[in-house]
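Here is the structure we will look at.
Every chain is numbered from 1 and lettered A, B, ... according to where its sequence line falls, protein lines coming before strand lines. Please read these numbers as outputs of a predicted model, since none were measured by experiment.
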2 protein chains.
Amino acid sequence: MKSTNLYKGSLTTIILKLLNENDKMYGYEITQKVKEITKGELNITEGALYPSLHKLEAEGLLDVEFAKVNNRTRKYYKLTELGTQETVNKLAELEDYIRTMRALVNPKFRLQ
Amino acid sequence: MKSTNLYKGSLTTIILKLLNENDKMYGYEITQKVKEITKGELNITEGALYPSLHKLEAEGLLDVEFAKVNNRTRKYYKLTELGTQETVNKLAELEDYIRTMRALVNPKFRLQ
DNA sequence: ATTTTATGCATAAGAAAATTATGTATATTT
DNA sequence: AAATATACATAATTTTCTTATGCATAAAAT
């Protein structure tokens, strides 16, 4: 998605959080929303997004619902109960990750 | 290294920063240092570490120096001038990543 | 009127970065 | 004597992503 490798492994967290906030979204909408929020800093590619959505659905974290808008098909995704739980976990993991990385790169944050 | 996928792509940043701080280190030392700083939260595996060190060396970011200690061989790595420059870049990328992810998962941080 | 861009989905080939497993060797601890 | 710690390395596999390609309709631009 971006020149830096740091976003590797972050896509699931991003998808879950956006769905947690917006109730239901379709793939293309997610790419646009991410572009908007990050001011273009992060562009999710379709080759990464769609397989990821399919996987989350297969794992039971997302439900699908089809809609026809302007003669074009949209595939809406929404969180399942399990998906909502997993969102909480993923967000906690992100905070842990940030805290740990800060401890590693900034000696000031080394403690406990 | 950890159950969460978020650390994927972070290893180079971690290695460079630790070497930036400690002048020279050997592989095993890096794994122990990371374990210590993160209180066991992050354990770098050898299968990830050694190939990564070799790659950084091949890219000219690290220099190697051998040492024999207690009849065992240590391979000390230190930053080259290029490696020091790249460390600055990687740390800036990490801060960008954290800022962007915060904007994505925390609506409070959405602005500019 | 036609081409390009935007919208909307999907998958396949390949690259990159990791995990897991294995191998070698010496020192120290149990 | 066996297990753990120290120290390096690589190979097979998995995960996640990039890049490329394909299909289809709508809107905008030339």
Between [X] ([atom1]) and [N] ([atom2]), how many Å, whole number?
X	N	atom1	atom2	answer
A:Lys35	C:dT5	NZ	C1'	12 Å
B:Leu6	C:dA17	CG	P	17 Å
B:Leu56	C:dA18	CG	C1'	15 Å
A:Lys33	C:dT7	NZ	C1'	17 Å
A:Lys8	D:dT19	NZ	P	10 Å
A:Asn5	C:dA15	CG	P	16 Å
A:Lys55	C:dT11	NZ	C1'	17 Å
B:Asn43	C:dA18	CG	P	15 Å

Quiz prompt | Student check: side-chain heavy atoms of A:Val34 and A:Ile14 closer than 4.5 Å | solution =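 Counting from C-beta outward, A:Val34 and A:Ile14 do come under 4.5 Å.
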Quiz item: Hey, is the side chain of A:Asn71 poking within less than 4.0 Å of OP1 or OP2 on D:dA26, counting only N and O atoms?
Solution: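 Looking at the OP1 and OP2 atoms of D:dA26, one of them is under 4.0 Å from a side-chain N or O of A:Asn71.
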Practice problem: Could you encode protein contacts along nucleotides 6-11 of chain D as a string, one character per nucleotide from 5' to 3', using B for base contact, S for sugar-phosphate-only contact and - for no contact, with a heavy-atom cut-off of under 4.0 Å? | Solution: BSBBB-
Practice problem: Show your reasoning for whether salt bridge (charged side-chain N to carboxylate O under 4.0 Å, His left out) applies to A:Glu95 and B:Arg102. | Solution: CA-CA 9 Å; A:Glu95 292 309 319; B:Arg102 279 213 194 283; 3.1 Å; yes
